[in-house]
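Working notes, structure below.
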Amino acid sequence: MNLPIRELSRAERPALVEHFLQLGWHDRRLRFGTPLSDHAVREYAERIDFAHDAVFAIADEELHLFGVAHLARAVWHAELGISVLEGHRGGGIGGALLARAHLHARNWGVHALLMHCLTENAAMMRLARRQAMDIVTQAGEADAWLRLPPADAASHFGAMFAQRVALFDHALKSQLAATRRLAAALTSGTASRDRGR
């Protein structure tokens, strides 16, 4: 699936918080392992170190994030968490985010990718099985491991190309969203003047 998946910067933390807050109680439980409160969600997002970790996202036409992957780097592996908003699921978004994170983790030089989730998280378990990840389950939780090949020229070029495409897509969406807001403001202003006559 060729979706424009962009790596976010720390300046986009508010959009990330907004995404997480849109997850319902059950979805928060599946994403974080526990149904976090709004306050705890904000604290989680504030703790993300954008200089050390990587956050990837897919946005709609209004630049709202509907698919997010947080890739946290450890010494020998990277841990991945994925969330996709309801209404956008079932279209391969999780798989696309996993593929983008896989490429990035390879380029970090880590040896494996880990996805930790509840065993009842059917979407993540399906994703792990599709990728032929090694899955270890215990007490209602699962660790899915994927061994990563070393980085090479293709993986570095692939990551750079994916980011450039996503930045171009973001710039186009930003311009179109600004144009729509301006048109709405002009239309609203004209309608107000007409009512005042």
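Heads up: numbering here begins at 1 and tracks the sequence.
- The structure places NE2 of H170 at 14.0 Å from CD1 of I58, a figure rounded to the nearest 0.5 Å.
- For the atom pair C117 SG and M125 CE, the distance stands at 5.5 Å (nearest 0.5 Å).
- Here the closest heavy-atom approach between residue L98 and residue L80 is recorded as CD1-CD2, 3.4 Å.
- Judged by distance alone, the side chain of D49 and the main-chain N or O of D53 form no donor-acceptor pair under 3.5 Å.
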For this session: Begin from the C-alpha positions of Q131 and M115 and carry the test side-chain contact (heavy atoms from CB on, under 4.5 Å) through to its verdict.
Result: CA-CA 11 Å; Q131 298 298 316; M115 292 195 308; over 6 Å; no
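- Residues A59 and L65 approach most closely at CB-CD2, 4.0 Å, considering heavy atoms.
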Exercise. Should E79 and H116 be marked as a side chain to side chain donor-acceptor pair (under 3.5 Å) after you check the CA-CA gap, both sets of side-chain angles, and the distance that decides it?
Worked result: CA-CA 8 Å; E79 185 172 349; H116 178 82; 5.5 Å; no
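- Scanning all heavy atoms of the two residues, the minimum distance from E61 to R180 falls at O-NH2, 2.9 Å.
- Residues I82 and F32 are members of one and the same hydrophobic cluster, defined by side-chain heavy-atom contacts under 4.5 angstrom among Ile, Leu, Val, Met, Phe, Trp and Tyr.
- The six-membered or imidazole ring of H70 lies away from that of F56, with a centre-to-centre distance of 6.0 Å or more.
- Residue L8 is grouped with residue W108 when hydrophobic side chains (ILVMFWY) are merged at heavy-atom distances under 4.5 angstrom, including chains of intermediate members.
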For this session: Apply side-chain contact (heavy atoms from CB on, under 4.5 Å) to the pair H104 and E7, showing each step before the final yes or no.
Result: CA-CA 10 Å; H104 199 83; E7 184 175 359; 3.5 Å; yes
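- For the atom pair CG (L36) and CZ (R29), the distance works out to 12.0 Å, reported to the nearest 0.5 Å.
- Surrounding CD of E120 are more than 12 heavy atoms belonging to other residues, nucleotides or ligands, all under 6.0 Å away.
- Note that OG of S37 and CZ of R42 are 9.0 Å apart. Values are rounded to the nearest 0.5 Å.
- Summarising the local packing, NE2 of H52 is surrounded by more than 12 heavy atoms from other residues, nucleotides or ligands at distances under 6.0 Å.
- Judged purely by atom type and a 3.5 angstrom limit, N107 uses its side chain to pair as donor or acceptor with the backbone of S155.
- Using cut-offs of 30° and 60° on the angle between ring planes, the pair H111 and W76 is parallel.
- Taking CD of E62 as the start and CG of L176 as the end, the distance is 9.5 Å to the nearest 0.5 Å.
- Using a 4.0 Å cut-off between charged side-chain N and carboxylate O, R28 and D38 make a salt bridge.
- With salt bridges taken as basic N to acidic carboxylate O contacts below 4.0 Å, one links R106 and D152.
- With contacts defined as side-chain heavy-atom distances shorter than 4.5 Å, the pair I135/D143 does not qualify.
- Follow the hydrophobic side-chain contacts under 4.5 Å out from L71 and you reach L146 in the same cluster.
- Follow the hydrophobic side-chain contacts under 4.5 Å out from L23 and you reach V41 in the same cluster.
- The two residues R89 and D27 make their nearest non-hydrogen contact at NH2-OD2, 2.8 Å.
- Rounding to the nearest 0.5 Å gives a distance of 11.5 Å between CG of N121 and CD of E141.
- The shortest non-hydrogen separation linking R13 to A45 is NH1-O, 2.6 Å.
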Problem set entry | Audit row: W145, M133, side-chain contact (heavy atoms from CB on, under 4.5 Å) steps and yes/no | CA-CA 5 Å; W145 291 92; M133 298 177 85; 5.8 Å; no
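- Here the closest non-hydrogen pair linking R6 and L167 is CD-CD2, 3.7 Å.
- Two residues are said to be in side-chain contact when any heavy atoms from C-beta on lie closer than 4.5 Å; V55 and I48 meet this criterion.
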Problem set entry | Pair L113-H77, side-chain contact (heavy atoms from CB on, under 4.5 Å): steps then yes or no | CA-CA 6 Å; L113 185 63; H77 73 276; over 6 Å; no
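- Clustering ILVMFWY residues whenever any of their side-chain heavy atoms sit less than 4.5 angstrom apart, transitively, puts L16 in the very cluster that holds F66.
- The closest donor-acceptor contact from the side chain of E12 to the backbone of S9 lies under 3.5 Å.
- A donor-acceptor contact under 3.5 angstrom links the side chains of R31 and Y44, judged on distance only.
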